[in-house]
Amino acid sequence: MTDNTPAAPRPTNFLRQIIEADNAALKWGVGPDNRPRVHTRFPPEPNGYLHIGHAKSICLNSGLARDFAGAFNLRFDDTNPAKEEQEYVDAIIDDVRWLTNDYEGLRFGGVFYASNYFGQMYDWAVELIRKGRAYVCDLSPDQVSSMRGSVGVPAQSPFRDRPAEESLRLLEEMRAGKHPGGSHSLRARIDLASPNFVMRDPVMYRIVHEHHHNTGNAWCIYPMYDWAHCLEDSLEGITHSICTLEFRNNRPLYDWFIDAINEGRTEDGSGPWGKRIHHPQQIEFARLNLTYTVMSKRFLLQLVKDARVSGWDDPRMPTIRGLRRRGYTAHAIRAFCEDIGVTTQESVIDVTRLENAVRDHLNTTAPRTMAVLRPLKVTIENWPAGHTELLDFVINPEDPAAGTRKIPFTGTLYIERDDFMEAPPKKFFRLAPGQEVRLRWAYFITCTGVEKDASGNITGVRATYDPATRGGDAPLNPDGTPGRKVKGTIHWLSADHAVQAEVRLFDRLFLAEEPGKRTGNQLDDFNPDSLEVIRALVDPALAHATPGDTYQFERLGYFCADKDSAPGKPVFNRTVTLKDTWAKAQHAGG
RNA sequence: UGGGGUAUGGUGUAACGGUAGCACGACUGACUCUGACUCAGUUAGUCUAGGUUCAAAUCCUAGUACCCCAACCA
């Protein structure tokens with residue numbers, strides 16, 4: 001049918017360019033399908049919940065795998081039992097699945113754990129000692145620190161020339177639990193005078209007597225990031241090991257460890273050390289920064305602990321779980337990540353782009369409904385008493401296939417307070433004394449009067465309806481054109497049918513574009529009024545909304561039923577408002 | 001101070017010695033039974049100073065600004 005239509009040009013970026021070049025040269029060989037091999041991974045440490053920054057990495061890695069017909073692994077970089085927990089493992093798996101499950105064409109390689117490679121890593125460490133590339137150091141962390149040297153001054157270790165046999169014996173003792181934490185470490189023998197501090201005989205193993213969520217008490221020595229990560233990638237056959245910019249300095253070490261293992265090894269496995277191991281390529285990219293958002297796991301944890309938010313899944317949190325609960329879709333997050341691109345330059349993305357991404361997606365998918373956040377009563381004076389009419393309501397104008405449903409109309413309605421003004425400014429197209437508006441999909445009404453209480457507050461308005469406008473269409477002239485134009489259309493609810501609902505309105509968690517930039521303390525920019533809970537009225541069809549159901553409340557925004565909902569007692573989170581040029585103009589005008 | 005990085009409209013991102021393009025935003029206007037969506041138009045940029053070249057965002061030199069690195073964290 002449209003086979004000749006050229007594929008839409010994908011946004012190019014430096015990673016795609018690297019992969020395309022690698023594929024052209026068959027740098028990584030071919031996969032089972034005989035296509036150039038591409039294998040990526042997302043390697044979180046299970047020490048917290050995933051946030052939108054991680055989503056960028058997940059989308060990047062899985063997107064590359066998908067587009068180049070490769071595979072994508074989720075792998076836990078669980079090498080530090082002191083900080084990691086099963087709770088985080090479970091949450092991360094769930095979030096990654098949620099984000100990638102409906103990602104068409106993605107080949108998910110599976111869930112892996114660095115801790116499952118501890119045995120192999122240990123064997124390789126022994127090999128490095130034998131090759132003279134590593135040694136056990138008896139310095140304490142404090143001593144290493146004081147002897148690490150400085151710019152131009154080499155580090156020192158009195159143990160680096162210790163005989164291999166002695167190191168081997170000590171490493172075995174370390175593993176056997178014969179030494180307390182901090183008393184020994186295994187270090188790579190590289191260069192104590194390197195201008196790159198990462199290369200000054202980095203620690204490979206440290207002693208940690210802690211329970212590990214996966215390996216239990218099987219180990220009391222744990223590999224450091226640099227020693228572990230390249231091996232994890234190698235073992236899984238990762239081709240492009242994509243990480244963030246701050247690991248740039250670690251790249252020489254990544255390569256050094258693999259090279260050290262491969263030293264003396266051969267392609268066919270002949271020789272004393274066996275076959276060469278796979279050497280992936282580390283590539284760095286700039287992590288995501290968002291305006292008005294703090295991304296550090298440490299800080300997010302603090303917000304949770306201090307109860308400034310209700311938890312990791314608080315809809316105001318930039319966590320995947322928070323975004324999910326707020327009503328963001330995986331599709332929208334992926335579109336956002338695609339939209340912002342990827343480079344090696346640091347940048348700060350405007351959060352409104354994330355908001356635009358959900359609006360875009362929800363606009364096409366969310367069923368429409370009407371809700372009144374701040375009700376004002378309208379009495380239709382010429383409506384037959386006790387009469388109820390069912391009118392057709394278009395479920396989604398963007399999706400005609402969604403069809404229509406019936407909504408009840410009566411002589412007592414609620415409209416939005418903002419949609420009435422007693423003394424309106426120019427270009428106020430809504431309801432005002434003597435002014436006519438359209439009630440969405442219902443009737444034209446004209447305001448005939450205002451009701452006030454003793455202190456002059458408006459308590460309701462009166463209006464008359466035009467029976468000839470049923471359904472919301474103006475009566476036609478003899479020539480078929482609309483008889484009269486009404487500029488304003490407002491939403492409404494039948495007072496007899498509207499259902500009470502709790503609605504949670506969110507504002508940004510921080511008041512400054514870059515929280516903490518001025519004072520150094522992000523809490524100084526914390527927004528104490530980021531949550532507003534109101535009692536609103538919603539369409540009766542929403543009384544039994546189930547958690548996760550997303551709607552557009554027409555003219556207001558997108559709302560998602562919260563898990564706190566109960567049958568007949570729905571709770572909605574406002575995902576994002578609709579754009580509102582009227583409100584914007586009002587603010588601009590003062 | 002040593003090493004490693006990065007500089008393109010307001011924001012983000014293309015360009016790979018040959019017309020600085022795209023997206024978002026902003027501003028106009030059109031359309032509209034959501035002041036939404038959609039559509040059209042306008043706006044505005046190569047960090048600085050030299051140099052090479054017919055031609056420089058791109059190459060060279062010297063600066064400037066910002067980020068990362070001296071955890072037995074990742």
Side-chain angles (χ1 to χ4, degrees), chain A residues 9 11-13 17 43-45 47 77-80 82-84 137 139-145 148-153 155 181-187 194-200 202-208 221-226 228-229 243-252 284 286 291 297-298 339-350 352-353 356-357 359-360 363-364 368 370 394 397-398 427-430 437-442 444 469 471-474 482 485-491 552-557 577-586:
Chain A
T12 184
N13 62 52
Q17 290 173 357
E45 182 188 17
N47 66 346
D77 209 359
D78 52 353
T79 57
N80 185 0
K83 291 185 174 179
E84 298 154 7
C137 181
L139 260 22
S140 70
D142 283 347
Q143 288 172 309
V144 171
S145 180
R148 77 192 157 204
S150 59
V151 173
V153 181
S183 60
H184 300 271
S185 64
L186 181 69
R187 295 228 254 163
S194 174
N196 181 358
F197 278 77
V198 167
M199 300 296 275
R200 316 253 270 216
V203 170
M204 295 164 63
Y205 274 106
R206 79 285 211 182
I207 298 169
V208 182
I221 58 172
Y222 289 90
M224 297 288 289
Y225 167 83
D226 291 295
H229 205 87
C243 62
T244 47
L245 249 29
E246 67 267 28
F247 291 103
R248 184 61 230 263
N249 292 334
N250 302 54
R251 192 161 85 203
E284 309 84 19
T291 56
K297 278 192 210 170
R298 199 200 99 264
D339 181 47
I340 58 176
V342 57
T343 64
T344 57
Q345 323 170 17
E346 293 187 6
S347 60
V348 184
I349 307 287
D350 198 322
T352 58
R353 295 180 72 142
N356 286 341
R359 281 196 193 99
D360 253 24
N363 179 44
T364 61
R368 309 287 114 131
M370 293 194 286
V394 175
E398 302 286 325
K427 292 193 176 174
F428 182 80
F429 306 138
R430 283 108 98 141
V437 287
R438 169 170 30 235
L439 296 178
R440 180 86 159 151
W441 305 122
F444 288 7
T469 57
D473 293 309
K485 294 225 173 193
V486 175
K487 189 81 174 154
T489 300
I490 63 175
H491 57 278
Q552 184 194 100
F553 290 0
E554 288 210 339
R555 303 210 307 131
L556 296 173
T577 61
L578 250 32
K579 281 187 194 159
D580 188 347
T581 51
W582 169 249
K584 196 162 137 190
Q586 294 307 291

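Below, read A as the first sequence line, B as the second, and so on, with proteins coming before strands; counting in each chain starts at 1.
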- Query: Checking Arg359(A) side chain against Gly557(A) main chain: does a donor-acceptor pair fall under 3.5 Å?
  - Reply: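 Checking the backbone N and O of Gly557(A) against the side chain of Arg359(A), no donor-acceptor pair under 3.5 Å is found.
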Nearest listed nucleotide, side chain of [X], among [options]:
X	options	result
Arg206(A)	C72(B), G35(B), G2(B)	C72(B)
Thr581(A)	C73(B), C69(B), G35(B)	G35(B)
Arg353(A)	A23(B), G35(B), C73(B)	A23(B)
Ser185(A)	G35(B), U34(B), C72(B)	C72(B)
Asn356(A)	G25(B), G5(B), G35(B)	G25(B)
Arg440(A)	C69(B), U34(B), C73(B)	U34(B)
Thr343(A)	U13(B), C72(B), G35(B)	U13(B)
Asn249(A)	A74(B), G2(B), G4(B)	G4(B)
Pro397(A)	U34(B), C67(B), U6(B)	U34(B)
Gln345(A)	U6(B), U34(B), C37(B)	U6(B)

Taking the [atom1] atom of each, how far is [N] from [M], in whole Å?
N	M	atom1	result
U61(B)	U19(B)	P	25 Å
A23(B)	U38(B)	P	13 Å
A20(B)	G2(B)	P	39 Å
G5(B)	G9(B)	C1'	24 Å
A14(B)	C22(B)	C1'	7 Å
A44(B)	C39(B)	C1'	22 Å
G63(B)	G21(B)	P	34 Å
G10(B)	G51(B)	C1'	33 Å

Any-strand Watson-Crick or G-U partner of [N], both distances under 3.5 Å:
N	answer
A26(B)	U42(B)
A36(B)	none
U6(B)	A65(B)
A14(B)	none
A57(B)	none

Under 4.0 angstrom, heavy atoms only, what part of the nucleic acid is [X] near: base, sugar-phosphate, or nothing?
X	value
Val208(A)	nothing
His229(A)	nothing
Tyr205(A)	nothing
Gly341(A)	nothing

- Minimal non-hydrogen separation, Val486(A) against Phe444(A), with atom names: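 Here Val486(A) and Phe444(A) meet closest at CG2-CE2, 3.2 Å.
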Between the side chains of [X] and [Y], is a donor N or O closer than 3.5 angstrom to an acceptor N or O?
X	Y	result
Ser194(A)	Asn196(A)	no
Gln345(A)	Ser347(A)	no
Arg353(A)	Asn356(A)	no

- Are Tyr225(A) and the base of A74(B) stacked, counting only ring centres nearer than 5.5 Å and planes tilted under 30°?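 Taking the rule of under 5.5 Å and under 30°, the ring of Tyr225(A) does not stack on A74(B).
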- Message: For a side chain to side chain contact (heavy atoms under 4.5 Å, CB included) check, start with the C-alpha distance between Thr344(A) and Arg248(A), then their side-chain angles and the critical distance, and finish with the verdict.
- Response: CA-CA 11 Å; Thr344(A) 57; Arg248(A) 184 61 230 263; over 6 Å; no
For the pair made of [atom1] in [X] and [atom2] in [N], what is the distance, rounded to whole Å?
X	N	atom1	atom2	answer
Arg359(A)	G35(B)	CZ	P	15 Å
Leu439(A)	U34(B)	CG	P	13 Å
Met204(A)	C73(B)	CE	P	15 Å

Any [X] side-chain N or O less than 4.0 Å from OP1/OP2 of [N]:
X	N	result
Ser347(A)	U11(B)	no
Thr79(A)	A74(B)	yes
Lys584(A)	A26(B)	yes
Arg248(A)	C68(B)	no

- Query: Yes or no on salt bridge (Lys or Arg N to Asp or Glu O under 4.0 Å) for Lys83(A) and Glu45(A), after CA distance, side-chain angles and deciding distance?
  - Reply: CA-CA 9 Å; Lys83(A) 291 185 174 179; Glu45(A) 182 188 17; 5.7 Å; no
- Item | Anti versus syn assignment for A30(B), with syn defined as within 90° of 0 |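 Anti, since the glycosidic angle lies more than 90° from 0.
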- Flag the pair Val198(A) / Pro252(A) as yes when at least one side-chain heavy-atom distance between them is below 4.5 Å, and no otherwise.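 No. Closest side-chain heavy atoms not under 4.5 Å.
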- Query: Has the side chain of Gln17(A) got a donor or acceptor atom sitting under 3.5 Å from an opposite partner on the base of C16(B)?
  - Reply: yes
- Message: I'd like to know if Arg430(A) reaches the base of G35(B) with its side chain, counting only an N/O donor and acceptor under 3.5 Å.
- Response: yes
- Message: Using a 4.0 Å heavy-atom cut-off to protein, can you give one letter per nucleotide of nucleotides 38-48 of chain B, 5' to 3': B if the base is in contact, S if only the sugar-phosphate is, - if neither?
- Response: -----------
- Task: Nearest-nucleotide wise, let me know which of Pro195(A) and Glu84(A) is further upstream toward the 5' end of RNA chain B.
- Result: Pro195(A)
- Task: Report the residue (Met224(A) or Gly152(A)) whose heavy-atom-nearest nucleotide on RNA chain B is the more 5′ of the two.
- Result: Gly152(A)
